[in-house]
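Residue indices begin at 1 and follow the sequence shown. Both ligands and their constituent atoms are indexed starting at 1 by order of listing.
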Amino acid sequence: MKDDIQNILISEQEIREKVTELGRQISEDYKGKNLMLVSVLKGSVVFMADLMRAITIPCQIDFMCVSSYGSSSKSSGVVKIVKDIDDHLGGKELLIVEDILDSGVTLEYISGVLRGKGANSIRIATLLDKPERRKANVTASYRGFIVPNEFVVGYGLDYNEQYRNLPYIGVLKPEVYGG
Ligand code: IMP
Ligand code: MG
């Protein structure tokens, strides 16, 4: 698995420190509020697991599953809801937890779906942001790292459903995806 990685972009240590910082900020901002974290499967599951433990205020969690990529490293632009969340979000402050904000098409779509469910507010926390590739008008309120326009894997992010269990964020060797 490691042999397919060209270089480590963000180390375990750097991720840990950033997630702790994000958790502290979110806990401060949502103090006294009815916070609900919505994780977008599967890529954000590792970030979600760490972030929720870095949050020190009461919160609920739920999961959504969408697919937009198929097995290719390029976005198809097509988003499909595979698993939705509960409809009764009245009085809740939603924070969507994502692995990476790339074109933004996925998050724009998800935000739209969630907006119809009666939450007080909807914001986004993303571990990675690839602003160079943005197509949709989406911004994250919380963002871990800005990454260059390279295909990255690890810490939940996959290529062909592989590499999600790497503990760091790495750049895949182009020959792995035929680049
Ligand atoms: P968007 O709709 O283009 O913003 O795509 C968001 C989704 O694409 C993310 O949740 C990831 O699953 C996937 N994605 C985008 N860039 C990468 C990458 O560099 N590595 C792995 N997955 C990626
Ligand atoms: Mg994903």
Side-chain angles (χ1 to χ4, degrees), residues 1-12 14-15 18-19 22 36-52 61-85 94-116 122-179:
M1 190 164 61
K2 280 190 187 123
D3 295 340
D4 294 344
I5 302 302
Q6 182 172 279
N7 61 288
I8 295 178
L9 199 62
I10 308 164
S11 70
E12 285 187 72
E14 287 172 299
I15 295 173
K18 186 66 79 178
V19 171
L22 289 173
M36 175 143 160
L37 305 175
V38 179
S39 162
V40 184
L41 294 169
K42 303 172 217 175
S44 69
V45 73
V46 182
F47 179 41
M48 175 74 155
D50 284 346
L51 183 65
M52 63 188 277
I61 63 166
D62 206 345
F63 296 88
M64 268 184 98
C65 189
V66 302
S67 67
S68 65
Y69 261 65
S71 60
S72 141
S73 64
K74 295 242 163 68
S75 178
S76 60
V78 179
V79 182
K80 191 175 78 188
I81 294 200
V82 180
K83 184 215 171 289
D84 203 348
I85 67 168
L94 287 197
L95 186 58
I96 303 172
V97 177
E98 249 291 36
D99 50 356
I100 185 166
L101 181 49
D102 188 30
S103 72
V105 171
T106 309
L107 278 177
E108 184 177 55
Y109 183 77
I110 290 172
S111 303
V113 170
L114 292 178
R115 231 173 269 130
I122 302 173
R123 294 166 88 192
I124 295 167
T126 188
L127 179 70
L128 307 178
D129 189 0
K130 233 190 240 180
E132 267 180 69
R133 302 222 329 143
R134 197 78 80 254
K135 276 190 244 156
N137 182 23
V138 178
T139 47
S141 303
Y142 305 94
R143 150 170 98 178
F145 304 91
I146 295 178
V147 293
N149 188 7
E150 283 175 301
F151 198 78
V152 294
V153 294
Y155 199 74
L157 290 128
D158 75 305
Y159 171 66
N160 257 341
E161 296 300 326
Q162 295 295 318
Y163 311 104
R164 294 193 195 275
N165 56 323
L166 285 172
Y168 49 77
I169 304 282
V171 177
L172 206 55
K173 287 182 181 164
E175 60 257 40
V176 176
Y177 53 88

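At least one heavy atom of I100 sits closer than 4.0 Å to an atom of ligand 1. Heavy-atom separations between G43 and ligand 1 are all 4.0 Å or longer. Ligand 1 lies nowhere less than 4.0 angstrom from a heavy atom belonging to R134. The shortest separation from a heavy atom of V40 to ligand 1 is not under 4.0 Å, leaving the residue out of contact. No heavy atom of K135 sits closer than 4.0 Å to any atom of ligand 1. Not close to ligand 1: V153, with no non-hydrogen atom less than 4.0 angstrom away.
Numbered from 1 in the order shown, with element, the atoms of ligand 1 that lie under 4.0 Å from a heavy atom of D102 read 1 (P), 3 (O), 4 (O), 5 (O), 15 (C), 16 (N). Atom numbering of ligand 1 starts at 1 in the shown order; those under 4.0 Å from a heavy atom of S103 are 1 (P), 2 (O), 3 (O), 4 (O). Of all the atoms in ligand 1, the ones that sit under 4.0 Å from a non-hydrogen atom of T106 are 1 (P), 2 (O), 5 (O), 6 (C). The contact set between ligand 1 and E150, taken as ligand atoms under 4.0 Å from a residue heavy atom, comprises 19 (O). Remark: ligand 1 atoms within the under-4.0 Å shell around heavy atoms of L157 are 20 (N), 21 (C), 22 (N). For ligand 1, the atoms closer than 4.0 angstrom to any heavy atom of E98 are 10 (O).
For a threshold of 3.5 Å applied to N or O pairs, the pair formed by V152 and ligand 1 contains at least one separation below that value. Taking any N or O of G104, backbone or side chain, at least one lies under 3.5 Å from an N or O belonging to ligand 1.
Looking at L51 and Y142, their side chains never come closer than 4.5 Å, going by heavy atoms from C-beta outward.
Counting only N and O atoms by type, the side chains of D50 and Y155 include a donor and acceptor under 3.5 Å apart.
Residues satisfying the side chain to side chain donor-acceptor pair (under 3.5 Å) criterion with R115, sequence neighbours excluded, are absent altogether. For T126, there are no side chain to side chain donor-acceptor pair (under 3.5 Å) partners at least two apart in sequence or on another chain.
Classification of E161 and K42 as a salt-bridged pair holds, one side-chain N sitting under 4.0 Å from a carboxylate O. Look at R134 and D129 and you find a salt bridge, because one of the NZ, NE, NH1 or NH2 atoms lies within 4.0 Å of a carboxylate O, short of that distance.
With a heavy-atom cut-off of 4.0 Å, D99 touches ligand 1 through its side chain alone.
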